[in-house]
2 protein chains.
Amino acid sequence: MFRGNHPARVDEKGRLKVPAEFKRLIDERYGTEFYITSRDGKVAEIYPVEEWRRIEEKLAKLSNFNPSKKRFLNKVNYYGQMVEMDAQGRVLMPQILRESAAIKGDVAVYGNLTYLEVRSMEVSKQLAEEQFTAEDEKTLDELGI
Amino acid sequence: MFRGNHPARVDEKGRLKVPAEFKRLIDERYGTEFYITSRDGKVAEIYPVEEWRRIEEKLAKLSNFNPSKKRFLNKVNYYGQMVEMDAQGRVLMPQILRESAAIKGDVAVYGNLTYLEVRSMEVSKQLAEEQFTAEDEKTLDELGI
DNA sequence: TCCACTTTCTACCACTTTTGACCACATCCT
DNA sequence: AGGATGTGGTCAAAAGTGGTAGAAAGTGGA
């Protein structure tokens, strides 16, 4: 399971070095193929193909006429691309995502259990600074967290 | 169960020596892997992975679109990092937390039953000086504490 | 339609920097 | 005095970076 936040850099060529902490798990559990996409254009998501397939299987349960499925695919296919990780542990971030999510230079790579997220430093910090509402505290309290 | 408050030091390299009192329990009950994070950026929390997983399981009950869950994960993932304890009982505190929670030099390590907390001396003192509210007294009273 | 040329990609090599595992010593406490 | 605890420092291995050469893709002209 991927956890936590590790800094990384995207070089001139748009290659993201996957932090060693995450690379270790990838080497032992997954291959070198990834599907990189986004559901909002602000944050890039990197899925080991195996994990993305699970999502596809769930989607397959919905009709092709289902408007929610259509809209989801419209977004995800817009940003999405298959990529190969090289021997040094780098993946080429899709051009379109580098622009829309401002993925360049220093970035934060988040472990979201089954997949990775890439956020620009600004977005990362900004989202972390949002304060909990009374509602949030109630919800989390009820769960016993 | 971890209890009480033991002083410790964080060295130049950012390594925290886990007080022997807590180390003993860790050796007999847990492994060497920890998830270090924070829910407010002011106080570091050190969870044996096993304990952190319990929290993840509770969170799994909420939808991924739940705003409270999102805010919680944005914070917790922002500060979080997996770490290994070395043979001398030291863990490397995540850079981002050392800065935001002023974790360096002398610190206080609190045992919070299932996990440890690390506070700068100032924060430690400050939080202990806060007065109980009427609301607090009511809650505790109802529990019979 | 096919070939020649140009441009872009990508796989991989070689080097630099950082990390963390481990050794050895210092200090405390009984 | 001797075990347990805490501290500092080292150095080899791991992580990270930049660059290049050969392959593939793209382009245009005959």
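Below, chains carry the letters A, B, ... as their sequence lines are ordered, and counting in each starts from 1.
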K.L.:
Find the distance Glu12(B):CD to dT19(C):C1' and express it as a whole number of Å.
P.N.:
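Answer to the nearest Å: 17 Å.
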K.L.:
Could you list, one pair per line, each protein nitrogen or oxygen that sits under 3.5 Å from a nitrogen or oxygen of nucleotides 11-15 of chain D, together with the distance?
P.N.:
residue: dA15(D); atom: OP1; partner: Arg24(A); partner atom: NE; Å: 3.3
residue: dA15(D); atom: OP1; partner: Arg24(A); partner atom: NH2; Å: 3.1

K.L.:
For Ser124(A) and Tyr110(A), which I'm curious about, is there any donor-acceptor pair between the side chains at under 3.5 Å?
P.N.:
yes
K.L.:
Over how many whole Å does the gap from Ile26(B) atom CD1 to dT5(D) atom P extend?
P.N.:
13 Å
K.L.:
Angle class for the His6(B)/Phe22(B) ring planes (parallel below 30°, perpendicular above 60°, tilted otherwise)?
P.N.:
perpendicular
K.L.:
Just checking, any donor-acceptor pair under 3.5 angstrom between side chains of Arg119(A) and Asn74(B)?
P.N.:
yes
K.L.:
Quiz question: by atom type and distance under 3.5 Å, do the side chains of Ser38(B) and Asp40(B) form a donor-acceptor pair?
P.N.:
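Asp40(B) and Ser38(B) do have a side-chain donor-acceptor pair below 3.5 Å.
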K.L.:
Taking protein heavy atoms under 4.0 Å as touching, what does nucleotides 22-30 of chain C look like 5' to 3' if B marks base contact, S marks sugar-phosphate-only contact and - marks none?
P.N.:
BB-------
K.L.:
Using a 4.5 Å cut-off on heavy atoms from C-beta on, say whether the side chain of Phe72(B) contacts that of Asp136(A).
P.N.:
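Sidechains of Phe72(B) and Asp136(A): no contact.
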K.L.:
Measure CE/Met93(B) against P/dT19(C) and give the value in whole Å, please.
P.N.:
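To the nearest whole Å, that distance equals 16 Å.
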K.L.:
Measure CZ/Arg9(A) against C1'/dG19(D) and give the value in whole Å, please.
P.N.:
15 Å
K.L.:
Rounded to the nearest Å, what distance is computed from the CG atom of residue Leu16(B) to the P atom of nucleotide dT5(D)?
P.N.:
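Value for this atom pair: 16 Å.
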K.L.:
Between Lys75(B) and Phe132(A), is NZ or CZ placed under 6.0 angstrom from the six-membered ring centre and within 45° of the ring axis?
P.N.:
yes
K.L.:
Can you see which heavy atom on Thr114(A) is nearest to which on Glu51(A), and at what distance?
P.N.:
O-CG, 3.5 Å
K.L.:
For the residue pair Glu45(B) / Thr37(B), report whether a side-chain donor-acceptor contact shorter than 3.5 Å exists.
P.N.:
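There is no such pair (donor and acceptor under 3.5 Å, judged by atom type) between the side chains of Thr37(B) and Glu45(B).
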K.L.:
Do Ile36(A) and Tyr79(A) land in one hydrophobic cluster if side-chain heavy atoms of ILVMFWY residues count as linked below 4.5 Å?
P.N.:
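Looking at the clustering, Tyr79(A) is in the same group as Ile36(A).
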K.L.:
Asp11(A) and side chain to side chain contact (heavy atoms under 4.5 Å, CB included): which partner among Arg90(A), Lys17(A), Lys104(A)?
P.N.:
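So the option named by the test is Arg90(A).
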K.L.:
How many Å lie between NZ on Lys23(B) and P on dT7(D), as a whole number?
P.N.:
14 Å
K.L.:
I'd like to know if the side chain of Glu99(A) pairs up with that of Gln95(A) as donor and acceptor (distance under 3.5 Å, no hydrogens or angles considered).
P.N.:
yes
K.L.:
Within this structure, what is the CG-to-C1' distance between Asp11(A) and dT10(C), rounded to whole angstrom?
P.N.:
12 Å
K.L.:
Pull out every residue in residues 109-124 of chain B that has a heavy atom closer than 4.0 Å to any atom of DNA chain D, ordered by number, or say none.
P.N.:
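DNA chain D contact set from residues 109-124 of chain B: none.
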K.L.:
Grab the CE-C1' distance between Met82(A) and dT10(C) for me, whole Å please.
P.N.:
16 Å
